[in-house]
Amino acid sequence: SYADPPNGIQWTCVQTDAHLIVSHGDVEVLRYNIVAPEAPDEARAKYERSGYIHPIYTPEGQRVTGDFAADHPHQHGLFAAWTSTSYQGKPVDFWNQDKGLGGVLHDRVISLEQREKAAGFSVAVRHFALRKDGTRFGILDDVWKVKAQSLNSQNKNDGFRIDFSIAQTNITEHPLTVNEYHYGGIGFRGRNDWYSSESAKALREFVKQPDAEPPPIELTRHRFLTSIG
């Protein structure tokens, strides 16, 4: 058992057959998928995968991640997957499941952690190439460390901080080359209803003129702020 903090709210990490669930008191903060969630329809069933974090919630219970979105069904919550690599002279795309060149799945739970002011876990996912006969060939062992805690030093339910790190190891005898590309190997898919064709068009135009004022939040429905503003 763990000592309760002064305000009676405790961080927990619970493992079920299908998930690792991190909660702050009775508020779920995030869920890691040990088992692949079921697609919402048959057309998107080929995009099912495990080994990613979804959903993630705000303290008020608002979900901020999405899954199986209409425009990019291969993007899953908080996930890790290289989109352009080469292995033994052949292309491997772990990101775009529709290409049938590779993928990522949950491999193992390493440890759980829960303390008075934080909770989290360590897991490993396996990045694999797909052969023409459909068999998988493991290339990368990817260990994740995830910790959630309160922003407030008093452990109040007014903000969450989630620390996320990965460490990838090539488990084969041959090198994997990560080719130059315009985005990296970690993705965060926002909730599905943040997307609209009007929002996507406005953001595409903004990317072309980054010194311009960003489109209004009423149109884009979301906004991300980086460490450099």
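Numbers here are sequence positions counted from 1.
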Worksheet item: Can you list the steps and then say if N170 with E173 is a side chain to side chain contact (heavy atoms under 4.5 Å, CB included)?
Response: CA-CA 8 Å; N170 187 339; E173 298 177 352; over 6 Å; no

Joint hydrophobic cluster, V146 plus I110, side-chain heavy atoms closer than 4.5 Å: no

Of all heavy-atom pairs linking C13 and L112, the shortest is SG-CD2, 3.9 Å

* Check the surroundings of atom CZ in R161: do more than 12 heavy atoms from other residues, nucleotides or ligands lie under 6.0 Å from it? => no

Output for pair (I34 CD1, I21 CD1), nearest 0.5 Å, gives 9.0 Å

Of all heavy-atom pairs linking T172 and G138, the shortest is CG2-O, 3.4 Å

Note to self: Main chain of A18, side chain of N33: is a donor-acceptor contact present, judged purely on distance under 3.5 Å?
What the structure shows: no

What about H54 and F79, are their ring centers closer than 6.0 Å? no

Query - Stepwise side chain to side chain contact (heavy atoms under 4.5 Å, CB included) test for H74 and D98 - result: CA-CA 8 Å; H74 56 275; D98 192 41; over 6 Å; no

Nearest heavy-atom contact between S196 and L219 is OG-O, 4.4 Å

Hits for side-chain contact (heavy atoms from CB on, under 4.5 Å) against S86, two or more places apart or cross-chain, chain-then-number order -> T177, N179

Are F128 and L130 side-chain neighbours, meaning at least one heavy-atom pair lies under 4.5 Å? yes

**Prompt:** How about H19 and Y32: are their ring centres within less than 6.0 Å of each other?
**Reply:** no

When every non-hydrogen atom of E48 is compared with those of A39, the smallest separation belongs to OE2-N, 2.9 Å

Taken in chain and number order and not counting sequence neighbours, the residues that satisfy ring pair (Phe, Tyr, Trp, His ring centres under 6.0 Å) with H76 are Y52, F68

Are the side chains of T220 and S199 in touch, meaning some heavy atoms are under 4.5 Å apart?
yes

Stepwise, does the salt bridge (Lys or Arg N to Asp or Glu O under 4.0 Å) test hold for E205 with K208? CA-CA 5 Å; E205 293 301 317; K208 297 176 183 177; 3.6 Å; yes

Practice task
Go through the side-chain N and O atoms of S150 and N152 and say whether any donor and acceptor fall under 3.5 Å apart.
Solution key: no

Determine, step by step, whether L78 and I186 satisfy the side chain to side chain contact (heavy atoms under 4.5 Å, CB included) criterion, reporting the C-alpha distance in whole Å, the side-chain angles of both residues, the deciding distance to 0.1 Å, and the verdict.
CA-CA 7 Å; L78 178 58; I186 298 175; 4.0 Å; yes

Exercise for review: Step by step, work out the side chain to side chain contact (heavy atoms under 4.5 Å, CB included) result for W11 and V22.
Suggested key: CA-CA 7 Å; W11 282 93; V22 175; 4.0 Å; yes

Is there a chain of hydrophobic side chains (I, L, V, M, F, W, Y, each step under 4.5 Å between heavy atoms) that links V143 to V109?
-> no

Aromatic ring pairing Y183/W95, orientation class (parallel under 30°, perpendicular over 60°, tilted between): tilted

Between the NZ atom in K145 and the CD1 atom in I166, the distance rounded to the nearest 0.5 Å is 13.0 Å

Heavy-atom side-chain proximity of I171 to I139 below 4.5 angstrom: no

- T85 and D93: side chain to side chain donor-acceptor pair (under 3.5 Å), yes or no, with the steps? CA-CA 6 Å; T85 73; D93 184 340; over 6 Å; no

Once the angle between the rings of Y87 and F137 is folded into 0 to 90°, is it parallel (under 30°), tilted (30 to 60°) or perpendicular (over 60°)? tilted

Minimal heavy-atom distance between P216 and R223, with the atoms involved, is C-NH2, 3.8 Å

Self-check item: Same apolar cluster (I L V M F W Y, side chains within < 4.5 Å links), L105/V123
Solution: no

Tightest non-hydrogen contact, residues H24 and F160, listed as ND1-CE2, 3.6 Å

CD (E116) and CD (Q10) are apart, to the nearest 0.5 Å, by 8.5 Å

- For R204 and F206, indicate whether the former's side chain and the latter's backbone hold a donor-acceptor pair under 3.5 Å. no

Q | Between Y57 and T65, a side-chain donor and acceptor under 3.5 Å | A | no

- Step through the shown structure and confirm whether more than 12 heavy atoms of other residues, nucleotides or ligands are within 6.0 Å of CG on D17. no

Worksheet item: Any chain of hydrophobic side-chain contacts (each under 4.5 Å) joining V92 to Y181?
Response: no

I162 versus I56: any side-chain heavy-atom pair under 4.5 Å? yes

Would you call the rings of W194 and H222 parallel, tilted or perpendicular, where under 30° means parallel and over 60° means perpendicular? parallel

R126 with D141: basic N within carboxylate O range, under 4.0 Å
yes

* E28 side chain reached by L30 side chain, heavy atoms, under 4.5 Å -> no

Answer yes if the side chains of Q168 and W82 hold a donor-acceptor pair under 3.5 Å, and no otherwise. yes

Tested for ring pair (Phe, Tyr, Trp, His ring centres under 6.0 Å) against F164, the lone hit among F121, W144, F188 is W144

Value for CZ (R191) from CZ (R221), rounded to nearest 0.5 Å, stands at 10.5 Å

For this session: For residues T58 and V64, determine if any side-chain heavy atom of one lies less than 4.5 Å from a side-chain heavy atom of the other.
Result: yes

d(N96 CG, Q75 CD) to nearest 0.5 Å is 8.5 Å

So NE2 of H182 and OG of S84: to nearest 0.5 Å the spacing works out to 11.0 Å

- Short N-O contact, R189 and D71, less than 4.0 angstrom: yes

(message) If you apply the rule side chain to side chain donor-acceptor pair (under 3.5 Å), what do you find for Q88 with H174, and how did you get there?
(response) CA-CA 7 Å; Q88 291 190 288; H174 304 282; 3.3 Å; yes

